[in-house]
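Down below is the structure, laid out as structure tokens.
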Protein chains: 2
Amino acid sequence: MERLTVTLGERSYPITIASGLFNSADAFWPLAAGDRVMLVSNETLAPLYLEPVRAVLEQAGVKVDQIILPDGEQYKSLTSLDSVFTALLKKPHGRDTTLVALGGGVIGDLTGFAAACYQRGVRFIQVPTTLLAQVDSSVGGKTAVNHPLGKNMIGAFWQPASVIIDLDCLKTLPARELASGLAEVIKYGVILDAEFFTWLEQNLDALLAHDEAAMSWCIRRCCELKAEVVAADERESGLRALLNLGHTFGHAIEAEMGYGNWLHGEAVAAGMVMAARTAQRLGQFSEDDTRRIIALLTRAGLPVEGPVQMAPQSYLPHMLRDKKVLGGELRLVLPQAIGKSEVRAGVAHDLVLEAIADCLPA
Amino acid sequence: MERLTVTLGERSYPITIASGLFNSADAFWPLAAGDRVMLVSNETLAPLYLEPVRAVLEQAGVKVDQIILPDGEQYKSLTSLDSVFTALLKKPHGRDTTLVALGGGVIGDLTGFAAACYQRGVRFIQVPTTLLAQVDSSVGGKTAVNHPLGKNMIGAFWQPASVIIDLDCLKTLPARELASGLAEVIKYGVILDAEFFTWLEQNLDALLAHDEAAMSWCIRRCCELKAEVVAADERESGLRALLNLGHTFGHAIEAEMGYGNWLHGEAVAAGMVMAARTAQRLGQFSEDDTRRIIALLTRAGLPVEGPVQMAPQSYLPHMLRDKKVLGGELRLVLPQAIGKSEVRAGVAHDLVLEAIADCLPA
């Protein structure tokens, strides 16, 4: 079992990584006998994981209610949020309830935001079941729902009390979802850790083959990197923005194509290549490094080009709604080398459009 | 001009109280040239105040957009919230925007919650135009919208950057709205300040006649009391709950009667009498003191009985969804004397029902 801590003073919390965690009530610390929880999951995952988790919690004396949402990014909405509140109020659950997010990034972000707002804030626990949620969205307290005009535009910083990562979940994860998670994994290498990027080049096949030792170490390393960044900059006033590499381009793809048609990691993969091409055009990144990124993303089964339907101009309105925009000016995360990146303002829109054009299907 | 500070470390902020503030850009500190704001108001207040405020801000070099919501408690909803987000995203406003709430408690609570959630949190300024908002809801950072199953059930603690109270607004306030604000004013006397309660007994006529000196001092004293309580207990883990006197009963009335049919202050007035009767039945409050409360509320034009349509039993389901409920158990704010109160758990439901019955129309 791997265990690490996100260090945020009185809001610090543990991340536990192992196989078979869903069979152990101890893994669900700080839940204890007499507590009340609302399990939030979706229609795809509930049949796989909800009953075992419910059973282990009930055996430990926890009172469990549940709500099952439809599956998909398009349900990460104010409407779904409202249905969670209705479920909580019908029982009713008090301020001493705990929300448990059992699912991928959509369930985690939405449940976390519901916990941030229900009665002005209740406890919640992240139980991420996809690689993407395990290495990225479940750690760090960013919660949100989407708005038709922009992804993650409505949300809160609200830290979980605990993150519980059961590696067994990845065994049933569809290949496309695994690849989507690997996009965020590769992102950590590009922005922060050249050694980890090299390790990924050497071990990607093991990860794709679900090698447990490799996967366990990979997830731990991503969570470590994220925990360090979040501890240094919880509310994204500086360093934390680096975690957004590829996301400004990627969110434009997700919004324009309709949420759920491109998976988040797929859009981020293409967006990372666009960021690399932008950095190249600025003369601060090498063709060799862009090729290493493209090669690794391709091996992971990820797109390295934007959607054929999207002209470069169609990216800009979405990108100008990015949360990093200040004073109406675009700010982009750009790589400087593999393992090193920066937030840069003042990049000419024409140059950005050219970089996007570099990444369109021939 | 009266000015005081809510002391909350780096989130401290000023409350400014005077006539004619809407004519002075200085009053709108910390807004400055180059800033961008979204004014949020409602259809009733916008014709009165929006243009002057807009003009003074634009003269100071602030870029102003606006959204006008329908008037009424029934619009303090997730749906209205969403329309604020849409207005912000259409422009689009970035994380460096400021939301300005120009209106009563509904506009203030909703705008504050929109600011707490938009892009995970932006700055906001409270410009309360009703007595109720000036003495209570605009100070202290409690923001929320209603859910059909409970008032203020969805919200956040999010402090404003400044509270701007222009006494001129009260001159156009309907008598029923003024009375509703006086319910919260009287509440401060009952829970915290016997001397202030006596002052109110002596000066209520001056307040009802819009005497500016009396009104200015009254608002200052309420804000002082609230600022002290909030500074001591921002997130309502203890002391702050006292500000809820009458609200557990009152919220039941508002929800059962349909939001907006009973004004908030009217429901709180009847609720305070129910709390006093509960305390009397517990042997901890005197009939004389209950009579003083009833007399003062009556002089202010407020109800001191529950709605004729509501049987005592119909209060309980609403009261058990109160945010003070812990472990399924009701916790009530009860007066111990004029100027002294406590939060009390474990009061028998039968006794509560009897106290409500004491307050039904004959």
Side-chain angles (χ1 to χ4, degrees), chain A residues 34-36 63 77-79 81-97 113-114 116-122 141-158 235-237 255 317-331, chain B residues 34-36 63 77-79 81-97 113-114 116-122 141-150 152-158 235-237 241 255 317-331:
Chain A
D35 280 349
R36 187 159 193 196
K63 198 172 167 200
S77 62
L78 279 179
T79 307
L81 196 73
D82 198 26
S83 65
V84 175
F85 297 138
T86 302
L88 287 162
L89 286 166
K90 273 196 174 158
K91 293 293 176 174
H93 283 240
R95 228 183 224 172
D96 50 357
T97 190
F113 186 43
C117 302
Y118 185 63
Q119 302 204 10
R120 298 199 185 91
V122 300
K142 271 196 183 178
T143 72
V145 295
N146 299 330
H147 187 282
L149 293 175
K151 194 172 152 82
N152 293 335
M153 281 293 162
I154 311 165
F157 289 94
W158 194 250
R235 298 184 78 90
E236 195 169 314
S237 42
H318 297 288
M319 293 175 77
L320 288 167
R321 282 194 285 264
D322 186 84
K323 291 192 286 296
K324 290 185 293 302
V325 166
L326 280 181
E329 188 176 55
L330 203 56
R331 295 191 313 142
Chain B
D35 280 349
R36 188 160 192 194
K63 197 171 167 200
S77 63
L78 279 180
T79 306
L81 197 72
D82 198 24
S83 64
V84 175
F85 296 137
T86 302
L88 287 163
L89 285 167
K90 273 196 174 157
K91 294 291 175 178
H93 282 240
R95 227 183 224 173
D96 50 357
T97 190
F113 186 42
C117 301
Y118 185 63
Q119 302 205 8
R120 298 198 185 93
V122 300
K142 272 195 183 178
T143 72
V145 295
N146 299 329
H147 186 282
L149 292 173
N152 293 334
M153 280 294 162
I154 310 165
F157 289 94
W158 194 251
R235 298 186 76 89
E236 194 167 315
S237 42
H318 297 287
M319 293 175 75
L320 287 167
R321 282 194 284 265
D322 187 83
K323 290 190 287 297
K324 291 185 293 302
V325 166
L326 280 182
E329 188 177 55
L330 203 55
R331 296 191 311 141

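Letters A, B, ... mirror the listed sequences (proteins, then strands); counts begin at 1.
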May I ask you to name which of B:H93, B:K324, B:R95 has the most heavy-atom pairs under 4.5 Å with chain A? B:R95
Among the options A:N152, A:T79, A:D82, pick out the one with the most heavy-atom pairs lying under 4.5 Å from chain B. A:D82
Side-chain donor or acceptor of B:R120 paired with backbone N/O of A:T143 under 3.5 Å: yes
Heavy-atom closest contact (B:L149 atom, A:K90 atom, distance): CD1-CG, 3.8 Å
If we define contacts as heavy-atom pairs under 4.5 Å, which of A:A116, A:G155, A:G94 has the most with chain B? A:G155
Do you know which of A:V145, A:L88, A:T86 has the most heavy-atom pairs with chain B at a distance under 4.5 angstrom? A:T86
Pairs of heavy atoms under 4.5 Å with chain A: top-ranked of B:D96, B:L81, B:L320: B:D96
For chain B, which candidate among A:M153, A:R235, A:E236 shows the most heavy-atom pairs at distances under 4.5 Å? A:M153
List in chain and number order the residues that pass salt bridge (Lys or Arg N to Asp or Glu O under 4.0 Å) with A:K323, two or more places apart in sequence or in another chain; answer none if no residue qualifies. none
What is the distance from atom CD of A:Q119 to atom CZ of B:R321, rounded to the nearest 0.5 Å? 10.5 Å
Salt bridge (Lys or Arg N to Asp or Glu O under 4.0 Å) filter on A:K91, not counting sequence neighbours, yields A:D65
Select, from B:P317, B:P92, B:G327, B:A156, the one with the greatest count of heavy-atom pairs under 4.5 Å involving chain A. B:A156
